[in-house]
Amino acid sequence: MRKSILTRLNNWIIFVVMTTLVIAIVVSSTALINFLRKEEIKRISLLSKAIRIQQEVKTPDTDVLDLLPEILNINNTIPFIVTNKDKKPILDLGYYRNIPESTIKNPEKLHDLIINMEKNYAPIEIKVPDGNNQFVYYDNSRLLNNLRYSPYILGLFILMYFGFTFWFFKTIKKTDEGYLWAGLAKETAHQIGTPLSSMIGWMEIMKLESPDSDGIHEMEKDIERLRTISERFSKIGSVPELNDMNFNETIQENYDYLKTRISRKVNFTLHLPNYTVLVPHNKILMSWVIENLVKNAVDAMKGEGAIVMSVFERNKNILIEVKDNGSGMTKQQARNAFKPGYSTKKRGWGLGLSLARRVIHEYHNGDIKISQTEVGKGSTFRITIRKGDA
């Protein structure tokens with residue numbers, strides 16, 4: 001329990017650290033963009049001053065004459081254009097820059113561009129001596145426009161990377177668990193097989209001595225059941241063939257066998273459709289799933305109560321429900337019920353429902369879930385499998 005709490009705590013710490021890292025990258029990128037924007041505004045302000053000085057000074061110093069064109073020409077990224085007070089663009093050399101020539105030659109496009117520039121930034125006014133003030137309209141450089149979306153793209157990329165990493169390691173873990181369970185199951189089948197062969201031989205000898213014995217007949221059924229169980233384990237990890245079709249027959253055989261093996265204090269009933277239900281399935285593995293659900297129900301009722309097993313059709317699916325009036329489950333128990341190793345019982349490895357889920361999900365492309373449960377009132381397990389063609 002303590003290890004589980006520490007594992008969860010570590011997972012939360014990793015999640016918080018990763019989330020903080022993503023937020024930090026987005027915030028720092030946004031701060032960098034704001035800094036670059038302010039720097040571009042400063043450059044346009046300096047450019048506006050250069051234009052004003054160029055117009056105001058009649059006989060400038062030689063150094064000033066060299067400096068002003070350099071200030072104007074150093075801007076190779078920020079688009080700007082100078083207009084008069086009526087927003088009419090001045091298309092003289094040095095009064096616009098970094099604007100496509102096709103836009104300059106098209107008055108409508110140029111007007112729309114000036115309007116858009118004004119929406120993004122207030123124009124800088126150039127006061128001239130004759131009162132015909134001019135205005136510098138400008139916008140972000142292409143680099144700044146591209147960088148504006150980079151924090152979100154980077155943040156999304158990082159989240160996608162973390163998501164892929166989580167999926168990758170989860171897939172590896174699931175694959176390793178699958179190999180572990182498959183190896184364990186096949187080894188169990190091998191271990192059961194040796195004494196089972198001897199038991200079959202001894203049974204044949206006993207039948208020769210007492211061919212009409214009821215006890216021997218019942219023991220023969222149990223040995224056949226052990227053989228079926230061994231075959232179930234041997235199929236784990238392999239792709240089973242779904243050759244069986246008559247689903248009613250499979251369920252009925254399981255019911256008949258389990259009814260004689262569970263406590264007489266359990267009222268066990270079965271409801272089947274009055275027509276043949278065709279479902280492609282593997283009888284051996286499906287029997288295992290049903291047996292697991294019924295035995296779990298008996299344990300939940302502590303050997304006394306009622307179990308109702310029902311088979312019915314809904315749309316193009318066949319549903320099998322196993323309902324008991326036992327102890328029921330809490331929400332947390334229901335969420336963890338199908339996890340490998342989880343069990344509310346003092347004995348057992350907690351593999352039954354996990355393997356049942358694998359049989360239904362991976363081998364029969366179906367679904368198994370707890371459709372209803374309430375503490376003190378019982379639980380209902382539901383299997384959903386697609387119906388076969390008639």
Working to the nearest 0.5 Å, report the span between [atom1] of [X] and [atom2] of [Y].
X	Y	atom1	atom2	answer
T250	I284	OG1	CD1	10.5 Å
F80	Y137	CZ	OH	14.5 Å
E101	I104	CD	CD1	6.5 Å
K283	N243	NZ	CG	11.0 Å
I370	M329	CD1	CE	3.5 Å
Q252	M309	CD	CE	8.0 Å

Write down the atom of [X], the atom of [Y], and the distance for their closest heavy-atom approach.
X	Y	result
T373	S379	OG1-OG, 2.7 Å
K127	N133	CA-OD1, 3.4 Å
P79	I99	CB-CG1, 4.2 Å
G378	Q372	O-OE1, 4.1 Å

*Classify the ring geometry between F381 and F338 as parallel (under 30°), tilted (30 to 60°) or perpendicular (over 60°).*
perpendicular

*asked:* Just to verify, what does R335 make a side chain to side chain donor-acceptor pair (under 3.5 Å) with, not counting sequence neighbours?
replied: none

*Those residues that, when tested against N34, pass side chain to side chain donor-acceptor pair (under 3.5 Å) (two or more places apart)*: R37

Heavy-atom side-chain proximity of [X] to [Y] below 4.5 angstrom:
X	Y	value
L47	I78	no
N98	R142	no
I124	Y138	yes
I290	I383	yes
S141	E40	yes
N84	N132	no
D324	V294	no
F247	K387	no

Can you confirm whether more than 12 heavy atoms, excluding those of [X], are under 6.0 Å from its [atom1] atom?
X	atom1	value
R261	CZ	yes
E39	CD	yes
K369	NZ	no
K323	NZ	no
Y275	OH	yes
H271	NE2	yes

*Among V277, L278, L270, which one satisfies side chain to side chain contact (heavy atoms under 4.5 Å, CB included) with N248?*
V277

*Step by step, would you call N254 with S287 a side-chain hydrogen bond (donor to acceptor under 3.5 Å, both in side chains)?*
CA-CA 6 Å; N254 273 269; S287 299; 2.8 Å; yes

*Side-chain (N325) to main-chain (A306) donor-acceptor, under 3.5 angstrom*: yes

*So, H364 side chain and L242 main chain: donor-acceptor pair closer than 3.5 Å or not?*
no

*How far apart are the C-alpha atoms of M301 and V266, what are their side-chain angles, what is the distance that settles it, and do they pass the side-chain contact (heavy atoms from CB on, under 4.5 Å) test?*
CA-CA 9 Å; M301 298 184 301; V266 175; 3.8 Å; yes

